[in-house]
Amino acid sequence: MSKHADPKTNVVTVLQERGLMSQLTESGLPEAAAGGQLYVYCGFDATAPSLQVGNLVPVMALAHFQRHGHRPIIVVGGGTSMIGDPSGKSVERPLLTAEQIAEYAGRIRDQLAGYLSFEGPAAAILVNNADWLSKMTLIEYLRDIGKHFSVNAMSAKESVRSRLEDREHGISYTEFSYMVVQATDFLHLNDTYNCTVQIGGHDQWGNLTAGVDLIRKAREKHVHALTVPLITSASGAKFGKTAGNAIWLDPAMTTPYALYQYWINIDDRDVAHYLKVFTFQSLDDIATLEREQEADPSKRVGQRVLAFELTKLIHGEDTARAVEAASRVLFGGGVDELTPEALMHLASAVPTVEIEAAALERGIPVLDALVTSGAQPSKGAARRVLQQGGLYVNDARWSDAEGVLTREQALFGRAILLRTGKNKYSLLLAK
RNA sequence: GGGCAGUUACCGAAGUGGACAAACGGGACUGACUGUAAAUCAGUUGGCUUACGCCUUCGGAGGUUCGAAUCCUCCACUGCCCA
């Protein structure tokens, strides 16, 4: 696997080859990239305490830029998050305090540590747009920025137009201004760092070009905008979600085990595509994996590499090995192969609930166990699953709703492995 | 400020006094088939209960009624039109 890009290859070509490019302004970015170090920026919302896997697409694009010697700038949207992008449908925007944003910024930095280097000649820079947006006066904003925007042009942008036509929601003046504010960011970064490239999601195109236009009008400079594609899945399921919940990069919000499992379960048809987009594996290596995958799809070689690499990038190699091992026990040999050491690995990977040894001695009603372990939201739901034949205790189907779990079932005298459905595990562990 | 329309479960959307825990679709869950895949088929999808059943829910608060998601009053929010 080639970790470092061939510096002679143009970064734009690389992005294209890997399916990381959707739209690009016709402003000569490939030539500019070949001509020397560029500052490339991408903004991230600060409304959630963590990035999610969907955010990794622009992150990968930034990482490729950095590996070609360019400097990434991460903008935490402390200011813009308070306004709300009209392309997001949610109306309510939490007003975050400066402390919260600072905390989120720190987390984002940690989460990106596996992707971007914050040291060296191409060190990534992390800034908060509240630092400059909150200092701007209304008069300055209207005179220096607003003057360059035509309402007619703004109204024509997809993000605004769709809301104007939407009888249900409409659009507030605040949200309407979003693109102007984002363009202000670009202008500021251009003034401060001579930043000339902005990256964003496909739906950000209108906002990115607003910045390009502003810099052209206000500074008579030509800068670049590039969007990464919206990642889709072959089955039509939303990318980056399971059961409607986002896959977060924060291990407290999505466990590394769950993250690993998410990638292991990727549809065959998407594997090669995702390997290109989300890993740094060489295209040759990916082609090899693709051939192996075709020869024997049931081995999931592609998914295994995808899951391992992603877990490693996000949580580090040790964690990746641990969750890989845990997954191998659960979906390979099963409980028969479980050793006391492997059990400890499982406990750190699978959702685990500690119980009193005495409670286990007395016996725990199985339905209660399902609820306390968090495997099911209510006893009714637990009963339903059981009646449908979806409950397994230590990998053996369990059909007695009145049943009680005792030390007799416990592995090594202290652990009971619960499973609902095909692959949702949880562990009860006596102290 | 005035007028009109709307707010139903995870989402969309029916329901306009009793047969409503609330149609239908999507999503999700479970099973069969499989490879921890896809597709397909079947079932499930408010809480408690072995069950009879009981309890809570149709934007919020009151009211009318034997009985309210449905009628009335006030309030909040959203959209459209007028000023």
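Note that the coordinates shown come from a computational prediction; the quantities given were computed from them, not determined experimentally.
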A:F239 ring center near A:F278 ring center (under 6.0 Å):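 Under 6.0 Å, so yes.
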Ring centroid separation A:F44 to A:Y104 under 6.0 Å: no
Drop me the distance from [X]'s [atom1] to [Y]'s [atom2], to the nearest 0.5 angstrom.
X      : Y      : atom1 : atom2 : result
A:T9   : A:H64  : OG1   : NE2   : 12.0 Å
A:I145 : A:H188 : CD1   : NE2   : 11.0 Å
A:L360 : A:L405 : CG    : CG    : 8.0 Å
A:T352 : A:L427 : OG1   : CG    : 4.5 Å

Distances under 3.5 Å between nitrogen or oxygen atoms of protein and nucleotides 45-52 of chain B:
unit_1, atom_1, unit_2, atom_2, d
B:rG47, OP1, A:S378, OG, 3.0
B:rG47, OP2, A:R384, NH2, 3.1
B:rC48, OP1, A:K379, N, 2.9
B:rC48, OP2, A:S378, OG, 3.4
B:rC48, OP2, A:G380, N, 2.8
B:rU49, OP1, A:K379, NZ, 2.7
B:rU50, OP2, A:R383, NH2, 3.3

Given the [atom1] atoms of [N] and [M], what is the spacing between them in whole Å?
N      : M      : atom1 : value
B:rG26 : B:rU44 : P     : 15 Å
B:rC11 : B:rG60 : P     : 14 Å
B:rA69 : B:rU8  : P     : 16 Å
B:rC33 : B:rU50 : P     : 31 Å
B:rC4  : B:rC55 : P     : 40 Å
B:rC54 : B:rA19 : P     : 14 Å
B:rG18 : B:rG25 : P     : 24 Å

Side chain A:Q388 and base B:rG43 donor-acceptor under 3.5 Å: yes
Salt bridge (charged side-chain N to carboxylate O under 4.0 Å, His left out) contacts touching residues 411-426 of chain A (sequence neighbours left out):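 Residue pairs passing salt bridge (charged side-chain N to carboxylate O under 4.0 Å, His left out), neighbours aside: A:D395-A:R419.
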Donor-acceptor side-chain pairing of A:Q182 and A:Q204 below 3.5 angstrom: yes
Side chains of A:Q66 and A:S117, donor plus acceptor under 3.5 Å: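 No, A:S117 and A:Q66 have no side-chain donor paired with an acceptor closer than 3.5 Å.
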Applying a 3.5 Å limit to both distances, which nucleotide forms a Watson-Crick or G-U wobble pair with [N]?
N      : result
B:rA42 : B:rU30
B:rG59 : B:rC75
B:rA9  : none
B:rC20 : none
B:rC54 : B:rG47
B:rG1  : B:rC82

Gap between atoms CG and P, on A:L370 and B:rU30 respectively (whole Å): 12 Å
Between P of B:rU30 and CZ of A:R397, the distance in whole Å: 12 Å
Touch class at under 4.0 angstrom, heavy-atom based, for A:Y392 against every strand present: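 Touches sugar-phosphate only.
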Verdict with supporting geometry, A:D213 and A:R216, salt bridge (charged side-chain N to carboxylate O under 4.0 Å, His left out): CA-CA 5 Å; A:D213 289 345; A:R216 193 186 63 242; 3.2 Å; yes
Under 4.0 Å protein heavy-atom contacts per nucleotide of nucleotides 34-39 of chain B, with B for base, S for backbone only and - for none: BBBSSS
